[in-house]
Engineer: 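Here's a structure for you.
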Amino acid sequence: MSGRRLPIAEAMRLAQLTDSALPVGAFSFSNGLETAAQTGLVHDAATLEEYVRDIVRQTARTDGIAALHAYRSRLREDYDGIVEADRALMLCKMNTEARQMLRRMGRKLAELATLLVDDAAMSRWLDDAKRGAVEGSYPVAQGILFAACGIAERGLVASHCYGSANMVLGAALRCVRVSHYDTQRILYRLSGQADAIYDEISDMEIDEMHAFAPQADILASMHEKGSSRMFMN
């Protein structure tokens, strides 16, 4: 990362906070995949890989930017900057379930974080989230926590990309005709995009977030009105 050796403690913390077993509830969500599978839009490994690539790119340009700005705001002790990243991100989320997902996972991660690190910004942000003074989104919680843990911001982006992809791929094993080998191949190939994604979003300002994803928004609206579901959207 940035030409330096990655300390073992940092590598282990990055692995821990990126692990799919992290108890933040990511397994409950499919990022629209369930509806995409029901409509036939995603039906095999090839269409799944295309869908996951789109999801990772779309979320990087919103969630990823918010996470980076929260991370940098935490480092410079700018609490207002953290709040602004949180607010701006939610303005980019059109569907109800997406907002619920980010708030639910954000609070769970923040609660876990207060057990892992003694960080004033995280404690303040969690208190504000509980009383509704801030949105409490998951990417912002990631940004605060990764900064508090001393993980480089490239590690934050890596974790974000991995988490976005793995959420969809985990759901795919339950609603698309693919194998664990298929999902692992897709995840491995997607990792090759992470540096380019970081280079694209690392200099973007909050007001440069762009969330134009009509297909995803249509799938989300269909899912919210559906009567049969395994996941939240």
Side-chain angles (χ1 to χ4, degrees), residues 1-4 6 10-11 13-20 22 24 26 29-33 36 42 45-75 81 85-86 88-93 98 101-102 105-106 109 137-147 149 151-172 183-217:
M1 293 182 181
S2 303
R4 66 185 179 90
L6 182 64
E10 182 179 342
R13 287 169 181 162
L14 176 58
Q16 177 184 2
L17 298 176
T18 307
D19 195 327
S20 59
L22 196 71
V24 295
F29 302 93
S30 74
N31 233 323
L33 178 70
V42 176
T47 53
L48 174 62
E49 181 166 356
E50 183 179 356
Y51 185 85
V52 175
R53 286 181 185 275
D54 287 345
I55 289 294
V56 171
R57 290 193 187 100
Q58 290 163 6
T59 58
R61 293 165 184 163
T62 51
D63 303 42
I65 293 172
L68 280 174
H69 278 269
Y71 178 99
R72 294 165 182 170
S73 295
R74 160 60 181 74
L75 290 181
D86 209 18
L89 175 60
M90 284 301 190
L91 292 177
C92 290
K93 301 298 177 180
M101 174 184 75
L102 293 183
M105 291 175 60
L109 181 60
S137 67
Y138 182 67
V140 170
Q142 283 184 303
I144 301 169
L145 178 56
F146 276 57
C149 290
I151 299 173
E153 65 177 42
R154 280 183 176 270
L156 170 62
V157 173
S159 181
H160 166 74
C161 292
Y162 177 91
S164 299
N166 208 38
M167 179 187 295
V168 178
L169 292 172
T183 58
Q184 289 303 308
R185 278 196 296 267
I186 292 170
L187 189 57
Y188 185 84
R189 286 195 288 262
L190 284 171
S191 67
Q193 296 183 347
D195 284 301
I197 288 173
Y198 173 80
D199 291 340
E200 178 187 353
I201 70 173
S202 60
D203 294 326
M204 286 185 174
E205 299 297 333
I206 287 290
D207 60 6
E208 293 181 274
M209 285 183 183
H210 45 291
F212 182 70
Q215 186 177 64
D217 291 329

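Everything quoted here is computed from the prediction, not taken from an experiment. All values below come from the heavy atoms of this structure, side chains included, with hydrogens, waters and symmetry mates left out.
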Engineer: Who pairs with D63 by side-chain hydrogen bond (donor to acceptor under 3.5 Å, both in side chains), at least two apart in sequence or on another chain?
Structural biologist: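 Result, side-chain hydrogen bond (donor to acceptor under 3.5 Å, both in side chains) vs D63: K93.
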Engineer: Do any pairs count as a salt bridge (charged side-chain N to carboxylate O under 4.0 Å, His left out) and have a residue in residues 155-171, sequence neighbours left out, and if so which ones?
Structural biologist: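 Non-adjacent pairs meeting salt bridge (charged side-chain N to carboxylate O under 4.0 Å, His left out): zero.
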Engineer: Taking salt bridge (Lys or Arg N to Asp or Glu O under 4.0 Å) as the test, write out the residues that go with R13, two or more places apart.
Structural biologist: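 Applying salt bridge (Lys or Arg N to Asp or Glu O under 4.0 Å) to R13 gives none.
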Engineer: With no hydrogens and no angle check, is any side-chain donor or acceptor of E10 less than 3.5 Å from a backbone partner on A152?
Structural biologist: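 Yes.
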Engineer: Under the rule for side chain to side chain contact (heavy atoms under 4.5 Å, CB included), what residues qualify as partners of A194, not counting sequence neighbours?
Structural biologist: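 If we apply the side chain to side chain contact (heavy atoms under 4.5 Å, CB included) test to A194, skipping adjacent residues, there are no hits.
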Engineer: If you look at every heavy atom in T18 and S159, which pair is closest and at what distance?
Structural biologist: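 Shortest heavy-atom separation between T18 and S159 comes out as OG1-OG, 2.9 Å.
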Engineer: Do T62 and Q58 make a side-chain contact, defined as non-hydrogen atoms from C-beta onward lying under 4.5 Å apart?
Structural biologist: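 Sidechains of Q58 and T62: no contact.
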Engineer: Taking salt bridge (Lys or Arg N to Asp or Glu O under 4.0 Å) as the test, write out the residues that go with D207, two or more places apart.
Structural biologist: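 None.
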Engineer: Could you grab the distance from atom CG of L145 to atom OH of Y71, nearest 0.5 Å is fine?
Structural biologist: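 So the gap between those two atoms works out to 11.0 Å.
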Engineer: Please list every donor-acceptor pair under 3.5 Å in which a side-chain atom of residues 185-193 meets a protein atom from a residue at least two apart or in another chain.
Structural biologist:
residue: R185; atom: NH2; partner: D182; partner atom: OD1; Å: 2.6
residue: R189; atom: NE; partner: E49; partner atom: OE1; Å: 3.4
residue: R189; atom: NE; partner: E49; partner atom: OE2; Å: 3.1
residue: R189; atom: NH2; partner: E49; partner atom: OE1; Å: 2.8
residue: S191; atom: OG; partner: Y188; partner atom: O; Å: 2.5

Engineer: Of all residues at least two apart in sequence or in a different chain, which pass the side chain to side chain contact (heavy atoms under 4.5 Å, CB included) check with T47?
Structural biologist: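 Applying side chain to side chain contact (heavy atoms under 4.5 Å, CB included) to T47 gives V42, H43, D44.
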Engineer: Are L33 and L48 packed together at the side-chain level, in the sense that at least one heavy-atom pair is separated by less than 4.5 angstrom?
Structural biologist: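 Answer yes - side chains close enough.
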Engineer: Taking only residues two or more places apart in sequence or in another chain, which ones pass side chain to side chain contact (heavy atoms under 4.5 Å, CB included) with S73?
Structural biologist: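 Scan of S73 (side chain to side chain contact (heavy atoms under 4.5 Å, CB included), adjacent residues dropped) gives R76, D78, I82.
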Engineer: Who passes side-chain hydrogen bond (donor to acceptor under 3.5 Å, both in side chains) against E200, sequence neighbours left out?
Structural biologist: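 E200 satisfies side-chain hydrogen bond (donor to acceptor under 3.5 Å, both in side chains) with R61 only.
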Engineer: What residues form a side chain to side chain contact (heavy atoms under 4.5 Å, CB included) with I206, not counting sequence neighbours?
Structural biologist: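 I206: side chain to side chain contact (heavy atoms under 4.5 Å, CB included) contacts with H69, E84, A85, A88, M209.
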Engineer: Search all heavy atoms of I201 against all heavy atoms of G64 and return the closest pair with its distance.
Structural biologist: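 Distance-wise, the nearest heavy atoms are CD1-C, 4.0 Å.
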Engineer: Look at atom CG of D203 and say whether more than 12 heavy atoms of other residues, nucleotides or ligands are closer to it than 6.0 Å.
Structural biologist: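 Result for CG/D203: open.
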Engineer: How would you list, by chain and number, every residue that makes a side-chain hydrogen bond (donor to acceptor under 3.5 Å, both in side chains) with S164, sequence neighbours excluded?
Structural biologist: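 Checked S164 against side-chain hydrogen bond (donor to acceptor under 3.5 Å, both in side chains); matches are T59.
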Engineer: In the structure I gave you, are the side-chain heavy atoms of R154 and D195 within less than 4.5 Å of one another anywhere?
Structural biologist: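 A side-chain contact under 4.5 Å exists here.
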Engineer: Would you please name every residue forming a side-chain hydrogen bond (donor to acceptor under 3.5 Å, both in side chains) with D19, sequence neighbours left out?
Structural biologist: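 Partners of D19 by the side-chain hydrogen bond (donor to acceptor under 3.5 Å, both in side chains) criterion come out as none, since no residue qualifies.
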